[in-house]
Amino acid sequence: MQEIDKQFVDEAPPKPLLLLVDDEKAHLESLERIFERAGHAVLTAENGDQAIDCLRKHPVAVVLTYLVMPRTDGFSVLKAAQTLRPSALVVMMTAYGTVDNALSAIRQGAWDFVTKPIKRN
């Protein structure tokens, strides 16, 4: 019978890396706390440019990005994720949830669309 490497058995699989993107710092920090308490590995970005930089540097699996941000918006983050991390799931969030925005996000490849504030159940 073959011995099993104990180190391999004891190691937990790596957690998927979650990237949170929001230009509203208080909301970003709140989301970070919620997801970290739930045991997720989290990166944060305060704007779209920072988010795209994170996508270049880190193996992000899920992106939760605010839609309306100055300079580089959530749709730009979505497009960058599709190029840099094609297997990443992207969820768009907005404070101005309209059917048109949601449909546009889904048509452009977002996995889902949510309105903020996001509340923990």
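This one's a predicted model, so the numbers in the text were calculated from it and none came from an experiment.
Taking the side chain as every heavy atom from C-beta outward, Gln108 and Met92 never approach each other to under 4.5 Å. The side-chain heavy atoms of Val63 and Val91, taken from C-beta on, include no pair separated by under 4.5 Å. Side-chain contact between Val90 and Thr65: present, with at least one pair of heavy atoms (C-beta onward) separated by less than 4.5 Å. Between Pro70 and Asn47, every side-chain heavy-atom pair lies at or beyond the 4.5 Å cut-off. No side-chain heavy atom of Phe113 sits less than 4.5 Å from a side-chain heavy atom of Leu103.
Among residue pairs with one or both ends in residues 39-61, those qualifying as salt bridge (Lys or Arg N to Asp or Glu O under 4.0 Å) are Lys25-Glu46, Asp49-Arg71, Asp53-Lys57; sequence neighbours excluded. Pairs engaging residues 61-89 under the ring-ring contact (aromatic ring centres under 6.0 Å, His included) rule: none recorded [sequence neighbours left out].
Considering only residues two or more places apart in sequence or on other chains, Glu32 meets the side-chain contact (heavy atoms from CB on, under 4.5 Å) condition with Leu20, Glu36, Val42, Thr44. With sequence neighbours excluded, no residue satisfies side-chain contact (heavy atoms from CB on, under 4.5 Å) with Thr83. Considering only residues two or more places apart in sequence or on other chains, Ala45 meets the side-chain contact (heavy atoms from CB on, under 4.5 Å) condition with Leu19, Val21, Gln50, Ala51. The ring pair (Phe, Tyr, Trp, His ring centres under 6.0 Å) test applied to His40 returns Phe35, not counting sequence neighbours.
With rounding to the nearest 0.5 Å, the separation of CE in Met69 from OG1 in Thr94 is 10.5 Å. To the nearest 0.5 angstrom, Asp22 atom CG is 6.0 Å from Leu28 atom CG. We find the CG-CG distance between Asp112 and Leu89 to be 10.0 Å, quoted to the nearest 0.5 Å. For the atom pair CG of Leu18 and CG of Leu43, the computed distance is 8.0 Å after rounding to the nearest 0.5 Å.
Remark: the backbone N or O of His58 is paired with a side-chain donor or acceptor of Arg85 at under 3.5 angstrom.
At a threshold of 4.5 Å between side-chain heavy atoms, the hydrophobic network of Ile, Leu, Val, Met, Phe, Trp and Tyr places Leu31 and Val68 in one connected group. Leu78 and Ile106 fall into different hydrophobic clusters, where Ile, Leu, Val, Met, Phe, Trp and Tyr residues are linked whenever their side-chain heavy atoms come under 4.5 Å apart, directly or through other members.
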